[in-house]
Amino acid sequence: MSVLVFVELADGELRGSSLEAVGYGAEVAKMLGTEANALVLGNTVGADKLATIGNYGINKVLNVSDERLNNGVIQAYASVMHQVAEQQNANVIVLAKSSLGDAVSARVAARLKAGLASNVVSLPDTSAGFKVKRSVYTGKAFQFTNMTSDKKILALKKGAYAPEPTDATAEVVDTTVNIEEADFNVKITKTDKVTGQILLPEADLVVSGGRGLKGPENWGMIEELADELGAATGCSKPVSDMDWRPHHEHVGQTGVKVSPSLYIAVGISGAIQHLAGVSSSKTIVVINKDPEAPFFKAADYGIVGDAFEIVPKLIDAVKSA
Ligand code: FAD
């Protein structure tokens, strides 16, 4: 019996949400009186960085370094994760809730006949069974799920668990599994990366713009404010629908869900579908010229005024801070 935590790599880095999952998995292992190991597929970050996963409470990083896995091929990932879970006799698998995590966890759950709980926001209550709290209905409610299957997969919601890293490092162990060519039936031929930008789902600070900005030519000030703050840029759905901004920046129910410590919404009305993507933000600042804009009800701080006057002032204030 053990806990296995899947760690995603992105752009030569360990994903922050995966490191939260490692800390969470280590804690679950402690509760169950067993050990937790991390699993990394492909290796685009180097052994030294893999060893730092030990900062989050695990002793061993199992690395399947076959370079065909560097591209996030879901079918192959599911096959490898299934095999490693069996090798390790893992009865709990933890991963970060993400689009890759969603695709892989469902397949691994089917292979292992495991129960799957997604969007988990708390450590399990093991006093009577294995009960987890999940965020449901785009963050509007919590659900308590008692998992009765032998094997359990938990997909942790970003920001739901904050581990305290230490200086400890982990042993990186090369792990061999049987990878068939058939696992690569669907091949990723090219990934167009948006270089030099902070990944929106991972971002700790987000500056987001809506239709109130009138046109794509006015995004310079949003980008400048984001640059000054070290923030990612986001937008509302109509903005990406009109091609003012790329689709991967669209925040909301049908777009990216963000969980930053600060979300600054500029010229966004605050429709329910947009709010569904930002409800996990710790602090929300709304800038809107309409005092009746619904976003103000969800805001921690609101500025009523013209974005074209306020944002440049904010940029100056951040620059001189
Ligand atoms: P608007 O509603 O046009 O609001 C613009 C705001 O800018 C207004 O509040 C206005 O007062 C303000 N403004 C104007 N000028 C200025 C200025 N100079 N300075 C400051 N403020 C100014 N939307 C999403 O965002 N994400 C989703 O995932 C999403 N999914 C959807 C799914 C479905 C099924 C449907 C039906 C809709 C979805 N929508 C989504 C659309 C959503 O309902 C709203 O239409 C959309 O969020 C509105 O975008 P907006 O706030 O940018 O534009």
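All values below were derived from every heavy atom in this structure, side-chain atoms included, with hydrogens, water molecules and symmetry-related copies excluded. Start at 1 and go down the list; that is how both ligands and their atoms are numbered. These numbers were taken from a predicted model, which means no experiment stands behind them.
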Select one of side chain, backbone, both or neither to describe which atoms of F295 lie under 4.0 Å from any atom of ligand 1, heavy atoms only.
neither

To check your reading of the model: name the closest protein heavy atom to atom 50 (P) of ligand 1, its residue, and the distance in Å.
S236 OG, 3.6 Å

Derivation of the side chain to side chain contact (heavy atoms under 4.5 Å, CB included) call for F142 and S122
CA-CA 11 Å; F142 294 115; S122 74; over 6 Å; no

Using a 4.0 Å cut-off to any heavy atom of F308, which atoms of ligand 1 qualify?
18 (N)

Could you pull out, from V266, N288, D241, the option with a heavy atom nearest to atom 9 (O) of ligand 1?
N288

Close N or O approach (I287, ligand 1; < 3.5 Å)
no

Heavy-atom neighbours of D167 CG exceed 12 at 6.0 Å
no

In terms of atom number and element, which parts of ligand 1 are under 4.0 angstrom from non-hydrogen atoms of G255?
28 (O)

Give me the residue, atom name and distance of the protein heavy atom closest to atom 19 (N) of ligand 1.
A307 N, 2.8 Å

Is the shortest N/O to N/O distance between G210 and ligand 1 below 3.5 Å?
no

I want to check a possible cation-pi pair here: K133 against F144, using under 6.0 Å from ring centre and within 45° of the ring axis as the test.
no

So, for atom 14 (C) of ligand 1, does the protein have a heavy atom nearer than 4.0 Å?
yes

Over 60° means perpendicular and under 30° means parallel, so tell me whether Y161 and Y24 are parallel, tilted or perpendicular.
perpendicular

Test applied, side chain to side chain contact (heavy atoms under 4.5 Å, CB included); reference residue, I153; option that passes from L4, V120, L116
L116

Using a strict 4.0 Å cut-off to heavy atoms of V251, name the atoms of ligand 1 that fall inside it.
24 (C), 25 (O), 26 (N), 27 (C), 28 (O)

What protein heavy atom sits nearest atom 33 (C) of ligand 1, and how far away is it?
Q273 CG, 3.9 Å

Under 4.0 Å from a heavy atom of Q253: which atoms of ligand 1 are those, numbered in the order shown and with their elements?
27 (C), 28 (O)

Are E309 and K289 close enough, and set up right, to give a salt bridge (Lys or Arg N to Asp or Glu O under 4.0 Å), and what steps lead you there?
CA-CA 10 Å; E309 286 172 22; K289 69 174 186 185; over 6 Å; no

Ignoring hydrogens, what is the shortest heavy-atom contact between A170 and V61? Give both atom names and the distance.
CB-CG2, 3.7 Å

At what distance is the nearest protein heavy atom to atom 49 (O) of ligand 1, and which residue and atom is it?
P238 CG, 3.2 Å

Around atom 5 (C) of ligand 1, find the nearest protein heavy atom and jot down its residue, atom name and distance.
G267 O, 3.5 Å

D290 heavy atoms, cut-off 4.0 Å: which ligand 1 atoms fall inside?
11 (O)

Give a yes-or-no answer on whether the side chains of S18 and E8 include a donor-acceptor pair shorter than 3.5 Å.
no

Do V5 and L62 sit in one hydrophobic cluster, given that two such residues count as connected whenever their side-chain heavy atoms are within less than 4.5 Å of each other, even indirectly?
no

In terms of ring plane angle, is the pair H274 and Y263 parallel, tilted or perpendicular, where the classes change at 30° and 60°?
tilted

For atom 22 (C) of ligand 1, what's the nearest protein heavy-atom neighbour? Residue, atom name and distance, please.
K289 CG, 3.7 Å

Specify the protein heavy atom at minimum distance from atom 3 (O) of ligand 1: its residue, its atom name, and the distance to 0.1 Å.
R211 NE, 2.9 Å

Protein residue, atom and distance nearest to atom 51 (O) of ligand 1, heavy-atom basis:
S269 N, 2.7 Å

Under a 4.0 angstrom heavy-atom cut-off, which atoms of ligand 1 come close to D306?
17 (C), 18 (N), 19 (N)

V239 heavy atom under 4.0 Å from ligand 1:
no

Would you mind telling me if ligand 1 is within reach of the side chain of A271, the backbone, both or neither, using heavy atoms under 4.0 Å?
side chain

List every atom of ligand 1 that sits less than 4.0 Å from any heavy atom of G305, numbering the atoms from 1 in the order shown and giving each element.
19 (N), 20 (C)

Less than 3.5 Å apart, any donor N or O on the side chain of N55 or T166 sitting next to an acceptor on the other?
no

Take E249 and K237 through the salt bridge (Lys or Arg N to Asp or Glu O under 4.0 Å) test and state the conclusion after the steps.
CA-CA 9 Å; E249 287 196 2; K237 182 172 182 292; over 6 Å; no

For K49, is the NZ atom crowded, meaning more than 12 foreign heavy atoms sit under 6.0 Å from it?
yes

